[in-house]
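Written out below as structure tokens is the structure these notes cover.
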Amino acid sequence: MRTTLYGGVRIVDHPDPGNVYKLDLQCLPMIYEFHRHGLLADRERFAQLEVVLNAEILDLNERLAIEAGWEVNAASSDDVRRLLIRELGLSAPLGFQMTRSGQISMDSELLRSMRGQHPAVDMILRIRELRKLLNTYVAKLPQMLNAEGRLRTTFRHTSTETGRLSSENPNLQNIPARTKTGIEIRNCFRAAPGNLLVSCDLSQIEMVLAGHLSGDENMLRAFRDGSDIHTLTAVTAFCLPDSERRYYIRLSDMARREENGEAVVWTEDERRDWKQFKQQKRLPAKTVGFGILYGQTASGAQWNIVDQGGPVLSIEACEGIISGFFDAYPGIRNWMREQESRARTRGMVWDMFGRVRMLPAAMSEIPRIARKAVREAGNMPIQSSAQGIIKLAMAEAMELVKRYRRQNHVVMPLLQIHDELVFEVSEDCAECFAADLRDIMIGCVDLKVPHSASYSVAERWGELK
DNA sequence: CGGGAGCGCGCG
DNA sequence: AAAGCGCGCGCTCCCG
């Protein structure tokens, strides 16, 4: 039994936080490297992109004004509400979400669900997307370059609740990646001539850790066999009969092998069935699977499934998928309950390295406050453990960096983006460094699941992965 | 005109 | 009514 003070609170019987302090200390040399180097930017390319975006936004704004009959500011949710709800009378398939101040929310999730009712919806979405990219990144970042044309960020390593790093002035952990224009922004960052960018990330690390921490046998087996987790969840959650179960698991296996570059022969029926299963069953199951790690409820899942192009499901159906997930992986349910109980009875949870998060709110008598804390309790050990693994890898990778430097190679640690590390490395050894880095990210910790990491090498950031 | 709340959205 | 975890940051709107 150990009694210590943590955050000014006396607590009994919790893991030794000594390892955490060591972890945080050991990753500092690499953070120093991040600060020292910065990312090389392509001014020319930024400038070109800025012209293109400006033109498209201007054009869209004009067309929106014609459509509406007045000058709508897409960045003003008041304007958007006035146009779409009051003047055009549009409605959402799942009803409206309210903001804290009691207004109907006009966020992109809701707008996407109203697509097709009126052309103004798509225009507003597109204007929003482009304005965000232009104002936050394309017009802003080039002003922040140093004399060498490199962009430096500041990482904070003591500011988050889960041990994650945060990045500010500017934030280089949220550079766009998901859209076509976003990738063009990433392509404005590059390695210097003679160098290449290397990135390596931990695959599905949070789901892997859910398996490791809970010890759930079904999930461990699934990861060991390399089967598709979301298909397994789907067939259980939707209560498919045995024959269909086996059929779809076989199809998911074929899809995986095909992705790995194997030649796979599909019949026409199989193709059609897989495509339908993927959209109608696997997508909801996948969405729920991620949501569960955040404590998502049925109504949250319902919105999310629609948002990602899945079917409109009833609340009952969503509840069914969530409980189906827990039936497929009962160990996860028990583990989640254990975190909830730690939060409710002791006001704290901790991760696999002993990092503690105090959650006194979980003891609150106000249900909304307590529920929020319980969600945080379920997520923290997973997010925090993932971060611990990356910090271990950062410490070990620093030795790798020194070894390469002794052989006169250029190696510049550039960024940590939560489950990913980015380096700039001389081109003659980039591939080799990447493989060594991957081995460190896998080997730095021993989990019940053999986890994996994947790397990528390219000249420009947007070409990675 | 600066500060801050509220909203929205980029990333993992 | 509430609504999914962790961040940083830009714009709008309102206040002093």
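First the proteins, then the strands, lettered A, B, ... as listed; each starts at 1. Please read these numbers as outputs of a predicted model, since none were measured by experiment.
Taking a cutoff of 4.0 Å between a charged side-chain nitrogen and a carboxylate oxygen, Lys132(A) and Glu129(A) do not qualify as a salt bridge. With respect to Glu56(A) and Arg131(A), no salt bridge is recorded, no charged nitrogen being found less than 4.0 Å from a carboxylate O.
The shortest distance between side-chain heavy atoms of Val80(A) and Arg128(A) falls below 4.5 Å. Contact of the Glu184(A) side chain with the Thr179(A) side chain is not registered, since no non-hydrogen atoms from C-beta on lie closer than 4.5 Å. In this structure, Leu172(A) and Phe155(A) have side chains that are not in contact, with every pair of non-hydrogen atoms separated by 4.5 Å or more. Two residues are said to be in side-chain contact when any heavy atoms from C-beta on lie closer than 4.5 Å; Leu64(A) and Ile124(A) meet this criterion. Between Arg333(A) and Asp327(A) the shortest side-chain heavy-atom distance falls below 4.5 Å. Counting only heavy atoms from C-beta outward, the side chains of Trp70(A) and Asp79(A) approach each other to under 4.5 Å. Residues Lys278(A) and Leu283(A) fail the side-chain proximity criterion, which asks for heavy atoms closer than 4.5 Å. Between Met363(A) and Arg344(A), the closest side-chain pair of non-hydrogen atoms is not below 4.5 Å.
Less than 4.0 Å separates DNA chain C from at least one heavy atom of each of the following residues of residues 361-386 of chain A: Arg368(A), Lys372(A), Arg375(A), Glu376(A), Asn379(A), Gln383(A). A heavy atom closer than 4.0 Å to some atom of DNA chain B occurs in no member of residues 195-205 of chain A. Sorted by residue number, the members of residues 88-99 of chain A with any non-hydrogen atom under 4.0 Å from DNA chain C read Gln97(A), Met98(A). Of the residues in residues 101-112 of chain A, those placing a heavy atom less than 4.0 Å from an atom of DNA chain B are Ser101(A), Ser105(A), Met106(A), Asp107(A), Ser108(A), in numerical order. Listed by residue number, the members of residues 27-46 of chain A with any heavy atom below 4.0 angstrom from DNA chain C form an empty set. DNA chain B is contacted by no residue of residues 297-335 of chain A, taking any non-hydrogen atom closer than 4.0 Å.
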Per-pair distances, 0.1 Å, donor-acceptor, side chain in residues 439-452 of chain A, under 3.5 Å, sequence neighbours excluded:
| unit_1 | atom_1 | unit_2 | atom_2 | d |
| --- | --- | --- | --- | --- |
| Lys448(A) | NZ | His212(A) | O | 3.4 |
| His451(A) | NE2 | Met441(A) | O | 3.2 |
| His451(A) | NE2 | Ile442(A) | O | 3.4 |
| Ser452(A) | OG | Ser203(A) | OG | 3.3 |

Enumerate, atom names and distances included, each donor-acceptor pair closer than 3.5 Å involving a side-chain atom of residues 305-317 of chain A, sequence neighbours excluded.
| unit_1 | atom_1 | unit_2 | atom_2 | d |
| --- | --- | --- | --- | --- |
| Asp307(A) | OD1 | Arg112(A) | NE | 2.9 |
| Asp307(A) | OD1 | Arg112(A) | NH2 | 3.1 |
| Asp307(A) | OD2 | Arg112(A) | NH2 | 3.3 |
| Gln308(A) | NE2 | Asn304(A) | OD1 | 3.4 |
| Ser314(A) | OG | Ala317(A) | N | 3.0 |

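The backbone N or O of Ala222(A) sits less than 3.5 Å from a side-chain atom of Ser227(A), completing a donor-acceptor pair. A distance-only check finds no donor-acceptor pair linking the side chain of Lys281(A) to the backbone of Thr233(A) [under 3.5 Å]. Side-chain N or O atoms of Arg375(A) include none that pairs as donor or acceptor with a backbone N or O of Gly295(A) at under 3.5 Å. Remark: side-chain polar atoms of Arg81(A) are not paired, donor with acceptor, to backbone N or O of Arg86(A) under 3.5 angstrom.
Within the structure, the salt bridge (charged side-chain N to carboxylate O under 4.0 Å, His left out) test picks out no pair touching residues 198-213 of chain A (sequence neighbours left out).
Using a 4.0 Å heavy-atom cutoff across all strands shown, Arg178(A) reaches at least one base atom of the nucleic acid. Among the heavy atoms of the strands, none lies under 4.0 Å from Leu172(A).
Rounded to whole Å, the P atom of dA1(C) lies 16 Å from the corresponding atom of dC7(B). Taking atom C1' in both dG4(B) and dG4(C), the straight-line distance is 26 Å, to the nearest Å.
No side-chain N or O of Thr99(A) forms a donor-acceptor pair with one of Ser105(A) less than 3.5 Å apart. Judged purely by distance below 3.5 Å, without hydrogens or angles, the side chains of Ser167(A) and Gln173(A) never pair a donor atom with an acceptor atom. Side chain to side chain, Gln97(A) and Glu109(A) fail the donor-acceptor criterion of an N or O pair below 3.5 Å. For the residue pair Thr231(A) / Asp228(A), a side-chain donor-acceptor distance below 3.5 Å is found, with atom types taken as modelled.
For the pair Arg342(A) and Trp350(A), the distance from NZ or CZ to the six-membered ring centre is under 6.0 Å and the angle to the ring normal is within 45 degrees.
Centroid-to-centroid, the aromatic rings of Tyr455(A) and Phe433(A) stay 6.0 Å apart or farther. Note: His230(A) and Phe325(A) fail the aromatic proximity criterion, with ring centroids not under 6.0 Å apart.
Among the candidates Gln416(A), His157(A), His418(A), the single residue satisfying the side-chain hydrogen bond (donor to acceptor under 3.5 Å, both in side chains) test with Gln387(A) is Gln416(A).
Rounded to whole angstrom, the span from the CG atom of Leu293(A) across to the P atom of dG4(C) amounts to 14 Å.
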Quiz item: For DNA chain B, what dot-bracket results from Watson-Crick or G-U pairs at under 3.5 Å, with [ ] for crossers and | for inter-strand partners?
Solution: ||||||||||||
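Bounding nucleotides for the chain A contact on DNA chain B, 5' to 3', at a heavy-atom distance below 4.0 Å, are dG6(B) to dG12(B).
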Quiz item: Nucleotide by nucleotide, 5' to 3', does protein get under 4.0 Å of the base (B), only the sugar-phosphate (S), or neither (-) in nucleotides 8-16 of chain C, counting heavy atoms?
Solution: BSSSSS---
